[in-house]
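Let me begin by presenting the structure, written as structure tokens, before commenting on it.
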Amino acid sequence: MKSNILISLFFLAILFNLNAQNNNPIIYDLKSEHLVNPIGLDNITPRLTWKIRNSKRGALQKSYKISVGTDSVNVASGKGSHWNTGKIDKDDQLVIYNGGKLEAFQKYYWSVTVFDSENKEIRANSIASFEMGMIDIKNWKGSWISDSKDIDKKESPYFRKEFNIQKKIKRARIYIATAGLFELSVNGKRVGNHQLDPTFTRFDRRILYVTHNVTNLLKQNNAIGVLLGNGWFNHQSTAVWYFHESPWRARPMFCLDLRVTYEDGSEETFSSNTDWKNSSGSVVLNSIYTAEHQNAQLEQKGWNNYGFDDNNWNNSIPTSAPSKNIVSQVLHPIRQVEEIQAIKMRRVNSQKYIFDLGRNIAGVSRIKLTGEPGTELRVTHSELIDIKGEIDLSNIIVHYRPIDDYDPFQTDIYTLNGEGVEIFTPKFNYKGFQFVEVLSNKPIELNQESLTGIFMHSDVPSAGKVYSSNPMINKLWSATNNAYLSNLYGYPTDCPQREKNGWTGDAHIAIETGLYNFDGITVYEKWLADHRDEQQPNGVLPAIIPTSGWGYHWANGPDWTSSIAIIPWNIYLFYGDKKLLEDTYENIKSYVDHITDISPKYITDWGLGDW
């Protein structure tokens with residue numbers, strides 16, 4: 001009996017101890033510029049934020065103190081080299097850096113300690129960090145380069161450069177600014193997991209650069225590879241939005257700096273210049289709007305590895321940057337977030353297969369197969385099938401105006417090289433689809449596992465969840481989020497197939513849906529910078545942002561373009577962050593002044609109305 005009591009008391013003590021540990025208050029989710037340990041920041045007064053978990057009734061933060069510096073050990077002990085706030089009697093959990101000058105390329109650590117209502121100290125379990133980027137365009141050393149082809153050349157340009165390193169590396173970062181899209185590799189390995197970088201901007205007014213940590217990819221002998229895609233910069237597909245006539249349109253180009261810091265404290269920069277070699281390869285057509293074509297028989301194997309024979313490649317040519325406003329891309333990037341296996345496959349014959357993913361997504365498909373050399377696949381993506389079970393593009397093809405049959409809508413074309421198992425996934429495109437038809441000019445054998453749907457979108461963290469006892473409500477919530485994410489590609493869009501446009505009205509009407517469910521501030525801050533780029537001197541905004549010039553004279557009334565004010569206001573309501581309102585205030589004022597000027601009686605018929 002006594003032993004049973006002792007055993008019971010022992011387990012009660014364990015449970016009590018575990019409960020006490022779970023009830024200990026903690027500081028978590030430390031972020032800089034609303035990102036976790038970001039690199040490549042340009043803002044010299046970054047915002048620092050944190051959250052507190054405290055199960056005690058009536059718990060609150062009474063005070064805080066922050067330490068920032070370049071030495072992590074000193075920062076952890078509250079002795080930062082750049083900023084030590086001392087104890088601040090405020091409950092703020094968003095603080096703007098106000099310490100010593102932050103230098104380009106330098107990494108800074110920061111810690112926060114808070115004090116509760118009883119003045120008890122609560123420390124963060126770990127310190128956070130942020131790393132500065134270029135800060136100023138003068139810090140770029142590389143040249144903007146391209147190949148010598150004209151804007152109508154279909155094949156993607158491939159660039160490569162070899163270099164040697166003789167010292168022990170402490171840190172290495174690649175900074176790359178691109179007009180178009182890029183896929184970056186070091187020593188044959190793809191760098192990072194971003195897709196469709198950089199995100200779409202008005203290229204003649206703002207270019208985004210991306211920072212990558214490549215420390216672990218470098219060796220003594222190295223090669224950098226850069227593959228460029230057209231994106232929205234060199235839009236070759238013709239549609240009613242006239243992106244093929246954009247004022248910035250040119251052959252894709254880029255500028256790159258690889259900054260290496262050695263263990264002895266010295267630094268070295270390897271930059272893009274005319275010594276970089278370029279050629280073509282397996283990507284023979286790419287369009288952000290329609291699809292991508294690859295011919296595996298044209299692949300130059302090992303092109304991005306050290307020792308590749310590039311004697312037949314051409315030297316690159318210098319070119320001017322589309323804009324001198326080159327700033328860091330500070331947002332949650334587009335990623336391949338989820339893989340979806342087909343739930344059904346219909347074999348029509350040995351040259352035609354139709355797959356059903358069971359749900360509608362935005363992204364790409366991946367096909368895995370074997371076949372004879374020269375076998376051509378046409379992989380068409382649709383949201384619908386007709387009564388005969390055939391794919392139906394009628395709901396999404398209405399705005400496409402092709403000048404020939406070389407670039408079919410939402411149809412990837414892949415030519416096999418016949419060398420064993422082949423895997424094809426587009427690099428510079430995305431589509432909206434549920435059904436995929438695979439047509440082949442020669443017999444092939446596929447099964448239900450041969451094709452995978454890949455859901456892509458801006459990889460914004462989840463911020464809220466709805467779950468009820470009603471399955472219909474749960475399905476509606478899930479479907480709504482699926483639709484929202486399918487239209488988040490560095491900017492909010494109206495649809496991921498027919499247009500891919502940043503319709504202002506569509507975005508502001510969905511802002512609360514987005515922010516209740518996802519941590520989307522970084523995407524919206526980027527998109528409001530697009531608003532500021534697009535606004536005319538008289539305050540007028542276009543209906544779609546970014547734009548080639550379309551939308552300044554139709555559909556852009558206050559029912560749509562009030563996004564300039566509605567979105568910053570909602571960001572403030574959800575985050576308590578005033579920066580976007582401050583950054584956009586003069587633009588909002590100019591916009592409202594214009595509406596007032598054309599509406600002397602405060603009634604306007606400008607816009608679409610009840611669309």
Side-chain angles (χ1 to χ4, degrees), residues 20-103 105-133 135 213 328 330-332 460-463 515 519-522 525 571-580 582:
Q21 290 179 16
N22 291 333
N23 288 333
N24 286 338
I26 61 169
I27 303 173
Y28 70 104
D29 206 20
L30 278 66
K31 293 181 179 179
S32 312
E33 287 297 281
H34 296 284
L35 295 171
V36 176
N37 300 334
I39 61 175
L41 298 183
D42 283 342
N43 184 5
I44 58 175
T45 56
R47 293 159 290 175
L48 310 178
T49 61
W50 62 90
K51 295 176 183 176
I52 303 171
R53 183 178 294 121
N54 192 340
S55 60
K56 183 179 178 181
R57 180 173 294 180
L60 53 82
Q61 173 187 305
K62 183 180 179 181
S63 310
Y64 70 85
K65 62 179 181 181
I66 293 174
S67 179
V68 181
T70 56
D71 187 293
S72 59
V73 175
N74 289 340
V75 167
S77 62
K79 299 176 182 179
S81 58
H82 280 63
W83 197 32
N84 296 287
T85 64
K87 191 174 180 182
I88 305 296
D89 291 329
K90 290 185 178 181
D91 61 359
D92 298 339
Q93 293 176 25
L94 186 159
V95 176
I96 298 173
Y97 176 81
N98 190 27
K101 182 181 178 182
L102 301 178
E103 301 292 339
F105 315 119
Q106 179 65 54
K107 184 174 185 177
Y108 297 90
Y109 300 91
W110 69 277
S111 65
V112 59
T113 301
V114 305
F115 302 85
D116 65 14
S117 56
E118 298 176 353
N119 211 33
K120 291 182 179 179
E121 188 176 281
I122 307 171
R123 290 179 174 269
N125 291 333
S126 60
I127 62 174
S129 68
F130 60 87
E131 185 175 299
M132 305 308 293
I135 297 180
N213 180 355
S328 179
V330 184
L331 47 66
H332 292 289
V460 288
S462 177
L515 295 181
D519 180 12
I521 184 172
T522 59
E525 287 189 329
I571 289 293
Y572 170 70
L573 293 179
F574 276 82
Y575 288 86
D577 191 332
K578 297 183 290 186
K579 186 176 188 300
L580 191 54
E582 292 171 344

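Legend: residues meeting ring-ring contact (aromatic ring centres under 6.0 Å, His included) with Tyr108, ordered by chain and number and at least two apart, are His82, Phe130. Applying the salt bridge (Lys or Arg N to Asp or Glu O under 4.0 Å) rule to Asp577 yields the partners Arg47; only residues at least two apart in sequence or on another chain are considered. When the side-chain hydrogen bond (donor to acceptor under 3.5 Å, both in side chains) test is applied to Asp89, the partners found at least two apart in sequence or on another chain are Ser63. Asp92 is linked by a side-chain hydrogen bond (donor to acceptor under 3.5 Å, both in side chains) to nothing, counting only residues two or more places apart in sequence or in another chain. In this view, Asp91 satisfies the salt bridge (Lys or Arg N to Asp or Glu O under 4.0 Å) rule with no residue, not counting sequence neighbours. With sequence neighbours excluded, no residue satisfies side-chain hydrogen bond (donor to acceptor under 3.5 Å, both in side chains) with Ser111. Taking the salt bridge (Lys or Arg N to Asp or Glu O under 4.0 Å) definition, one finds that Lys579 meets it with Asp583, sequence neighbours left out. Partners of Thr85 according to the side-chain hydrogen bond (donor to acceptor under 3.5 Å, both in side chains) rule, which considers only residues two or more places apart in sequence or in another chain, do not exist here.
At distances below 3.5 Å, not a single donor-acceptor pair connects side-chain atoms of Ser328 with backbone N or O atoms of Asp42. Under the 3.5 Å distance criterion, the side-chain polar atoms of Ser117 are left unmatched by any main-chain donor or acceptor of Leu60. Counting only distance, with no hydrogens or angles, the side chain of Asn37 and the backbone of Ser129 share a donor-acceptor pair below 3.5 Å.
A pairwise comparison of heavy atoms in Leu41 and Ile135 identifies O-CG1, 4.1 Å as the closest pair. Here the shortest heavy-atom pairing between Thr522 and Glu33 reads CG2-O, 4.0 Å. The minimum heavy-atom distance between Leu102 and Ile44, with the atom names listed, is CD1-O, 3.5 Å.
Applying the ring pair (Phe, Tyr, Trp, His ring centres under 6.0 Å) test to residues at least two apart or on different chains, the pairs with a partner in residues 28-49 are His34-Tyr575. Screening residues 107-132 for salt bridge (charged side-chain N to carboxylate O under 4.0 Å, His left out), with sequence neighbours left out, gives Lys56-Glu118, Glu118-Lys120, Glu121-Arg123, Glu131-Arg173. Residue pairs meeting the salt bridge (charged side-chain N to carboxylate O under 4.0 Å, His left out) criterion with at least one partner in residues 64-85, sequence neighbours excluded, are absent. Counting only residues at least two apart or in different chains, ring pair (Phe, Tyr, Trp, His ring centres under 6.0 Å) contacts with residues 47-81 comprise Trp50-Tyr64.
Tyr97 is not listed as a side-chain neighbour of Ile66, based on a closest heavy-atom distance of 4.5 Å or more.
None of Leu30, Asp29, Ile26, Ile27 except one satisfies the side chain to side chain contact (heavy atoms under 4.5 Å, CB included) rule with Lys51; the exception is Asp29.
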